[in-house]
Novice: 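Below you will find the structure I want to go over with you.
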Amino acid sequence: NCSPQRWAASVASTDPAKLQARFYQVTSRQFLLAAVWILLCNIAATALFPTIFGADWTDAVIYLRAMSIGYLAQLVVMPVFHTLQILEKQALAAVWQLGRLLLILSVFAVSIHEDLTAPWAVFSYSAAQALSSALLFAIMAREIQRLQR
């Protein structure tokens with residue numbers, strides 16, 4: 001038995017199509033699991049936050065909902081996050097990380113400049129996280145596709 005990373009590294013050079021199939025299998029399953037989990041949390045939060053944490057926490061539900069899109073996207077890419085390192089594309093991964101940082105900083109700067117309410121600022125941050133995760137997914141998928149050429 002070898003680790004998933006070691007398996008992916010060996011398959012990347014011997015059978016890129018198998019790596020691609022596994023990449024999409026893992027991320028599609030993770031999407032379904034994460035979507036159900038996040039949906040259940042959002043439904044349960046309305047009743048559970050005030051019950052468990054007290055009435056003062058009722059307003060926190062909106063923040064959980066605002067963060068849900070970012071959580072979903074991050075949970076989808078988390079199991080395959082090291083794909084670029086496995087494919088020896090560390091520079092590309094670093095560029096993505098820098099872009100993600102700049103996007104997040106920009107979101108907070110715009111939120112302050114436009115005097116967004118806290119829930120809208122958190123939603124904007126969550127949307128930026130989702131966008132950066134979707135971009136990472138697309139980059140990883142493209143790099144796996146390039147192996148097959």
Side-chain angles (χ1 to χ4, degrees), residues 1-49 52-53 57 60-114 116 118-149:
N1 274 346
C2 66
S3 70
Q5 291 85 4
R6 192 171 297 161
W7 176 87
S10 69
V11 170
S13 60
T14 60
D15 192 353
K18 188 181 240 182
L19 178 63
Q20 183 179 42
R22 184 70 175 146
F23 176 82
Y24 287 118
Q25 180 188 42
V26 167
T27 54
S28 61
R29 287 180 181 172
Q30 188 65 18
F31 174 79
L32 291 173
L33 289 170
V36 168
W37 178 80
I38 288 171
L39 180 63
L40 291 174
C41 285
N42 275 280
I43 292 169
T46 303
L48 293 178
F49 275 29
I52 294 172
F53 302 114
W57 277 74
V61 174
I62 195 167
Y63 295 99
L64 173 67
R65 291 185 178 148
M67 290 297 299
S68 291
I69 188 171
Y71 286 148
L72 176 61
Q74 285 180 322
L75 288 169
V76 170
V77 297
M78 196 175 296
V80 294
F81 182 78
H82 296 291
T83 299
L84 293 177
Q85 283 75 21
I86 290 168
L87 300 179
E88 299 180 4
K89 300 289 184 178
Q90 289 84 355
L92 186 55
V95 168
W96 173 81
Q97 285 283 15
L98 180 60
R100 179 180 159 273
L101 174 64
L102 293 173
L103 177 62
I104 298 304
L105 292 175
S106 298
V107 164
F108 285 117
V110 169
S111 295
I112 291 166
H113 183 266
E114 296 298 320
L116 293 182
W120 276 109
V122 171
F123 174 78
S124 299
Y125 165 76
S126 180
Q129 286 286 32
L131 177 63
S132 66
S133 294
L135 182 58
L136 177 60
F137 178 87
I139 291 168
M140 290 184 297
R142 184 193 72 204
E143 291 304 316
I144 292 170
Q145 182 65 37
R146 283 184 173 178
L147 291 174
Q148 296 181 52
R149 292 184 194 150

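Just so it is clear, the structure is predicted and the values come from calculations on it, not from any experiment.
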Novice: Counting C-beta onward and ignoring hydrogens, is there a side-chain heavy-atom pair between I86 and L19 closer than 4.5 Å?
Specialist: no
Novice: Quick check for you: to the nearest 0.5 Å, what is the distance between F123 atom CZ and L116 atom CG?
Specialist: 11.5 Å
Novice: Would the number of heavy atoms belonging to other residues, nucleotides or ligands and lying under 6.0 Å from CD of Q97 be above 12?
Specialist: yes
Novice: Please round to the nearest 0.5 Å and tell me the distance separating atom CD1 of I104 and atom CG of L101.
Specialist: 8.0 Å
Novice: Can you find a heavy atom in the side chain of F108 that is under 4.5 Å from one in the side chain of S124?
Specialist: no
Novice: Going through the distances and angles, do F49 and L64 end up as a side chain to side chain contact (heavy atoms under 4.5 Å, CB included)?
Specialist: CA-CA 10 Å; F49 275 29; L64 173 67; 4.1 Å; yes
Novice: Could you give the distance from CG (L48) to CH2 (W57), rounded to the nearest 0.5 Å?
Specialist: 13.0 Å
Novice: State, yes or no, whether a side-chain contact exists between W120 and E114 at a heavy-atom distance under 4.5 Å.
Specialist: no
Novice: What distance separates I144 CD1 from R22 CZ, expressed to the nearest 0.5 Å?
Specialist: 12.0 Å
Novice: Please lay out, stage by stage, how Q145 and R142 fare under the test side chain to side chain donor-acceptor pair (under 3.5 Å).
Specialist: CA-CA 5 Å; Q145 182 65 37; R142 184 193 72 204; over 6 Å; no
Novice: Measure across A73 and A130 and return the closest heavy-atom pair with its distance rounded to 0.1 Å.
Specialist: CB-CA, 3.5 Å
Novice: Between A127 and I69, which heavy-atom pair has the shortest distance, and what is it?
Specialist: N-CG2, 4.1 Å
Novice: Under 4.5 Å between any side-chain heavy atoms of K18 and W7, yes or no?
Specialist: yes
Novice: Before you tell me yes or no, could you show the steps for Y71 and Q129 under side chain to side chain contact (heavy atoms under 4.5 Å, CB included), namely the whole-Å CA-CA distance, both residues' side-chain angles and the distance that decides it to 0.1 Å?
Specialist: CA-CA 8 Å; Y71 286 148; Q129 286 286 32; over 6 Å; no
Novice: Run the side chain to side chain donor-acceptor pair (under 3.5 Å) test on T46 and R65 for me, step by step, so that the C-alpha distance in whole Å, both residues' side-chain angles and the decisive distance to 0.1 Å come before the verdict.
Specialist: CA-CA 10 Å; T46 303; R65 291 185 178 148; 2.6 Å; yes
Novice: Taking all non-hydrogen atoms of both residues, which atom of A12 and which atom of L87 are closest, and how far apart?
Specialist: CB-CD2, 3.7 Å
Novice: Could you check whether atom CG of L135 has more than 12 heavy atoms from other residues, nucleotides or ligands sitting under 6.0 Å from it?
Specialist: yes
Novice: Between the side chain of Q30 and the main-chain N/O of L75, is any donor-acceptor distance below 3.5 Å?
Specialist: yes
Novice: Show your working on side chain to side chain contact (heavy atoms under 4.5 Å, CB included) between E143 and L92 and close with a plain yes or no.
Specialist: CA-CA 10 Å; E143 291 304 316; L92 186 55; 3.7 Å; yes
Novice: Tell me if the centroids of the rings in F137 and F23 come within less than 6.0 Å of each other.
Specialist: yes
Novice: Run M140 and V80 through side chain to side chain contact (heavy atoms under 4.5 Å, CB included) and show every step you take.
Specialist: CA-CA 9 Å; M140 290 184 297; V80 294; 3.7 Å; yes
Novice: If you measure from CZ on F31 to CG on L33, what distance do you get to the nearest 0.5 Å?
Specialist: 11.0 Å
Novice: Minimum heavy-atom separation for V77 to S133, with atom names?
Specialist: CG1-O, 3.5 Å
Novice: Roughly how far apart are Q20 CD and D15 CG, rounded to 0.5 Å?
Specialist: 10.5 Å
Novice: Please report the shortest heavy-atom distance between A128 and V107, naming the atom on each side.
Specialist: CB-CG2, 3.6 Å
Novice: Between N42 (side chain only) and I38 (backbone N and O only), is there a donor and an acceptor less than 3.5 Å apart?
Specialist: yes
Novice: Which heavy atom of G70 sits nearest a heavy atom of S126, and at what distance?
Specialist: N-OG, 2.7 Å
